[in-house]
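These figures come from a predicted structure and were not determined experimentally. Excluded from the calculations below are hydrogen atoms, water molecules and symmetry mates; all remaining heavy atoms, backbone and side chain alike, are included.
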Amino acid sequence: MNTGVGSGPGDWPEALAAIIEDFTEAFDAKERYEMLFELAEQVDELPLEEWTAKTKVHGCQSEAHIMVGLNENGGFHLRGAADSRIVQGLIAITASALEGLSVTQVRAFSPKFVEEMGLSSALSPNRANGFLNMFKKVKEEATLLEGQDG
Amino acid sequence: MNTGVGSGPGDWPEALAAIIEDFTEAFDAKERYEMLFELAEQVDELPLEEWTAKTKVHGCQSEAHIMVGLNENGGFHLRGAADSRIVQGLIAITASALEGLSVTQVRAFSPKFVEEMGLSSALSPNRANGFLNMFKKVKEEATLLEGQDG
Amino acid sequence: MLDVNAARKDFPILKREMAGGRPLVYLDNSATTQKPQQVIDAMSSYYRTSNSNVHRSAHTLAEEATIGFEESREKIRNWFGAGESRVVFTSGTTEAINLVAQSWAKVNLNEGDVVVLTEMEHHADIVPWQMLTSEIGVELRWVPFDLETFELDMGAYEVAVQGASLVGAVHTSNVLGVRNPVEQMVELAHQAGAKVLIDAAQAAPHDRIGFDSLGADFLALSAHKMGGPTGIGVLLINEVAFQQMQPFMGGGDMIREVHFDYSTYQENEHRFEAGTPRIAEAIGWGAAIDWLAKWNVESIHEHGLELARFTADSLRSIPGMRVFGRQADGDGAVVSFLHDTMHANDLAVMLDAQGFAVRTGHHCAQPLLRRFDIAATNRASFWLYNTLEEASAFVEATRDICQRYS
Amino acid sequence: MLDVNAARKDFPILKREMAGGRPLVYLDNSATTQKPQQVIDAMSSYYRTSNSNVHRSAHTLAEEATIGFEESREKIRNWFGAGESRVVFTSGTTEAINLVAQSWAKVNLNEGDVVVLTEMEHHADIVPWQMLTSEIGVELRWVPFDLETFELDMGAYEVAVQGASLVGAVHTSNVLGVRNPVEQMVELAHQAGAKVLIDAAQAAPHDRIGFDSLGADFLALSAHKMGGPTGIGVLLINEVAFQQMQPFMGGGDMIREVHFDYSTYQENEHRFEAGTPRIAEAIGWGAAIDWLAKWNVESIHEHGLELARFTADSLRSIPGMRVFGRQADGDGAVVSFLHDTMHANDLAVMLDAQGFAVRTGHHCAQPLLRRFDIAATNRASFWLYNTLEEASAFVEATRDICQRYS
Ligand SMILES: Cc1ncc(COP(=O)(O)O)c(C=O)c1O
Ligand SMILES: Cc1ncc(COP(=O)(O)O)c(C=O)c1O
């Protein structure tokens, strides 16, 4: 089992490595999307009332919102939601990948894990951009978090 | 041997039918063009001094000029010249086809004989237009000739 | 009756296996149709045996290419009943409409002149006119449609054309499938002294259009939506309008003489076709028309409509599903739909994972969608190779996804 | 050294038999090159397996088509060294130059502003500017060339660019084969504050162009002259100039949002690519670049030049023959010639009857030809598959025809 810090392939934190394994073992794309739909339910959902211009992820085909914070142990914690379940599933995976990390670790985290999950058509050029925009926003917000700390 | 009056395939005057036969018996396109070059020498050439705006054939890739008249027997007679030998060869064939006909016969003459001669690439869309323009001009001028008569 | 199975055999892509070994069910025909092998072969064969630049040259390949290219123009002229009109090749419907805007409207209209458009237009028939509002100050008048019946408000149309100079109207909507009463629209426009441009991009694959008999002044369409290749389309132009047009782009092939201080232009269609033309594309399109001629266009139309009706009716029975369109006689083989709670993209991705290709988004008709207060629909669209089995499998997959995930 | 025989094998058309069973000797490469089987296959395979409309859709075929299309853009960007610049697809060089005229010049220039052109320009780089003189009143300044050395008068150029806003210059002349000192021309133009558009239609198949390092503002070329399909070309645009451009044509794909009363546009290259793009064409062009990458561009250049030199020298030895061009290092593989008494068309037709395809006419450069007081030349032009044997057979056939019939 992998216990890396997310620098790239082969270096994923445990929770993420488990999700990747589940995905790669899925029978086909249909099953993988079904898993995404399920994961979407498990995110710490950002309720509609908290969706603002500040939380919005741009360049995404769906309306997606994220907010970063710290959990009770002072580790990184991501909340998010999207009108698309699939996008929300990707947010959920990201959240679980980054949960509890330090801000420095978050900023160094590679987005390449999605490529390993076999979600090629969910990660269409457009959609992939959406994911990458989301991931970039997470890192930017994480940096602000650090600012708050220091 | 054919002794028609030029209404179309199978109805060509003798002189023209002979030329067509020569052409269809030629070995290949190269030989046919060589024949055109030779025929070009046999036209009753319209000398440069007589080239005017009135004699000019329009829409032809080369500079071509024609003048219609009557021979000693009162039959149709075509003189012409072109800076292109190939075009002049086509004028020569036309002249020999129409030689001695009545104006009415000239006006009814079909231009389809060139198709039978296997000169496809000499009769490119552009060039064919040139030939057809020339043939049309011959008929128009023939009509004027009639006007002069009457 | 259309022999759908015989038609299918000509389309190699329909044999393709998708994710999980599932067959491809291609329901995105309004975006672009698939190409029969005959079209692919015609282009390959052109490149393998006759490829050459066209016009003004004396060698055999150039002759063959020129003849092939110009023969395709004649095929298109005949197929669309434009024997007394002009056939100008463009890169597609979009460029054809821009050509009307730039070569006709900009030259013949003045500030304050009115262009009438319908609220059903594709962006291709909106943006060029908006550009012209800033360039020369024409005014746009919009003709609404009924949100329940999806029908153009012909009363409003009749009022709008009064004093107008040009009408731009989609023949068959790519979102709603609605076929507009173009005959009546042309008549009313002409009575009011306005010219008419018909966007027939969606009608071309399903209808036999008679341009001369319809009497419109301009008609635009794309090869790629009727079995032909990408990169080519056409503007059909009535002779009177043709004579009022000025060249759009300058360059080779469209000129007669070029001097340092002035140039003169061709007087036929080439006047509007600057540069090396789309030779292989024209030849491929000609082959598409030859291929289409083997089938009966009326039965292509009927077949498509039958699938669209079945699909629309079946989708309506899915809880939370909204269907846009009426699928009346003459309409296109298009069904747009949107579920209340299932995100359109999620539905599309789940369908795709099962081999169903549908389009999702605004279909380049944002103003139309905004009238319904929505930003996207899913859209299934059919052509002659689609079967009732495919439509039915598609509906069941959709039902299943919506039930499980919405 | 270029392995010409290996290269020939990839071109099915070169096996074609012409009139009388003679082999095809294709010497009309400046008009359009032949296509390797790999290019034909790439397009067929696209149509057979992935054909779909691109952008904004969620199904697999649309993804594949989008990726293929955009990957081709990147191949073109890399091949032409435009990593820091913009790559806008057009239908060819001609449309690319019209795009500069309409999207940049018309927006940024005013009455009296000066556009400098050379007397060597192709009509594609003349007519769009003449149109602009009547549209917005720009002035044209012509830079002459020497009728003996065929070289651009750089002294006159340096004077002409003073106070000019734009220079339009052909990289390599399609009639003379002369390669202009484009590096120096860009530098002088930029010193004078003028932008520079390079017409690289003839350079593209023979030269490795580095757009970013050349530093020109615009560069136009066509796929069909470098082994790619008809119907597609490109305009490379420096980032600063790109930001100064306004959309040319309106429609799908180039918009961000369309409202009844206004629209907003994409900010990347799509802004200038209205309508369904040339998908198969882009993919075919990408395959042409992959294919070209297998050969050494420098040796393609050297090979072509060697054939051109041999041909020019040999033709000069035919009595009454005039050769236009210098075939200096860096020049294109083009030889224009004209016999004193043998009509250019007659020569071409006689050559054609023996399987030799040469171009004949004004080569879309009437002003250039008029400087020589002629209306046409014959032109032999070479590419990597032409052999010395072909060139030599061609010269002998020409010599023979001129001897016998002039
Ligand atoms: C120098 C030059 N410029 C422009 C063009 C025009 O290219 P296209 O016809 O592909 O637009 C050509 C080709 O004929 C050319 O040789
Ligand atoms: C109604 C309608 N008009 C115009 C177009 C634009 O066609 P193209 O993208 O081929 O120019 C389309 C296709 O999307 C359409 O459906």
**Student:** Measure distances from C/Arg370 to the heavy atoms of chain D and classify the residue's part below 4.5 Å as side chain, backbone, both or neither.
**Tutor:** side chain
**Student:** With a 4.5 angstrom heavy-atom cut-off, could you sort out which part of C/Ile255 is near chain D: side chain, backbone, both or neither?
**Tutor:**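 Contact with chain D: side chain only.
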**Student:** Please look at D/Arg371 and chain C and tell me whether the side chain, the backbone, both or neither of the residue comes under 4.5 angstrom of a heavy atom of that chain.
**Tutor:** side chain
**Student:** Counting heavy-atom pairs under 4.5 Å to chain C, which of D/Glu64, D/Gln102, D/Met18, D/Met254 comes out on top?
**Tutor:**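 Heavy-atom pairs under 4.5 Å are most numerous for D/Glu64.
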**Student:** For the atom pair CG (C/Asp253) and OG1 (D/Thr94), what is the distance rounded to the nearest 0.5 Å?
**Tutor:**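 Rounded to the nearest 0.5 Å, the CG-OG1 separation comes to 8.5 Å.
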**Student:** Is it the backbone or the side chain of C/Arg48 that comes under 4.5 Å from a heavy atom of chain D, or both, or neither?
**Tutor:** both
**Student:** Taking atom CE of C/Met43 and atom CD1 of D/Ile40, what is their separation to the nearest 0.5 Å?
**Tutor:**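 So the CE of C/Met43 and the CD1 of D/Ile40 are separated by 11.5 Å.
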**Student:** By a 4.5 Å heavy-atom criterion (distance strictly below it), what part of C/Pro277 contacts chain D: side chain, backbone, both, or neither?
**Tutor:** backbone
**Student:** Rounded at 0.5 Å granularity, tell me how far CD in C/Gln366 sits from CD in D/Glu257.
**Tutor:** 6.0 Å
**Student:** In Å and rounded to the nearest 0.5 Å, what is the CG to CH2 distance from C/Asp261 to D/Trp142?
**Tutor:**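 Here the interatomic distance stands at 9.0 Å.
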**Student:** Measuring heavy-atom distances to chain D, does C/Gln246 have an atom under 4.5 Å in its side chain, in its backbone, in both, or in neither?
**Tutor:**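 No part of it gets close to chain D.
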**Student:** Using modelled atom types and a 3.5 Å cut-off, is there a donor and acceptor pairing between side-chain atoms of D/Asn53 and backbone atoms of C/Ala31?
**Tutor:** yes
**Student:** Which label fits C/Phe248 and D/Phe248: parallel for a plane angle under 30°, tilted from 30 to 60°, or perpendicular past 60°?
**Tutor:** tilted
**Student:** For D/Met131, is it the side chain, the backbone, both, or neither that has a heavy atom closer than 4.5 Å to a heavy atom of chain C?
**Tutor:**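 The side chain, not the backbone.
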**Student:** Between C/Arg16 and D/Thr49 (side chain of the first, backbone of the second, donor and acceptor by atom type, cut-off under 3.5 Å), is there such a pair?
**Tutor:** yes
**Student:** Answer whether the closest heavy-atom distance between the side chains of D/Ile13 and C/Leu61 falls below 4.5 Å.
**Tutor:** yes
**Student:** What part of C/Glu17 lies closer than 4.5 angstrom to a heavy atom of chain D: side chain, backbone, both or neither?
**Tutor:**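 When you check distances to chain D, no heavy atom of C/Glu17 falls under 4.5 Å.
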**Student:** Tell me, do C/Pro367 and D/Val258 make a side-chain contact under 4.5 Å, heavy atoms counted?
**Tutor:** yes
**Student:** Is D/Asn51 in contact with chain C via its backbone, its side chain, both, or neither, using a 4.5 Å heavy-atom distance?
**Tutor:** both
**Student:** Report yes if some heavy atom in the side chain of C/Glu281 is under 4.5 Å from a heavy atom in the side chain of D/Glu281; otherwise report no.
**Tutor:** yes
**Student:** For the residue pair C/Ser91 and D/Ser91, confirm or rule out a side-chain donor-acceptor distance under 3.5 Å.
**Tutor:**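 No donor-acceptor contact under 3.5 Å links the two side chains.
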**Student:** Please classify the contact of C/Val39 with chain D as side chain, backbone, both or neither, using a heavy-atom distance under 4.5 Å.
**Tutor:**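 Nothing of C/Val39, per the 4.5 Å heavy-atom cut-off to chain D.
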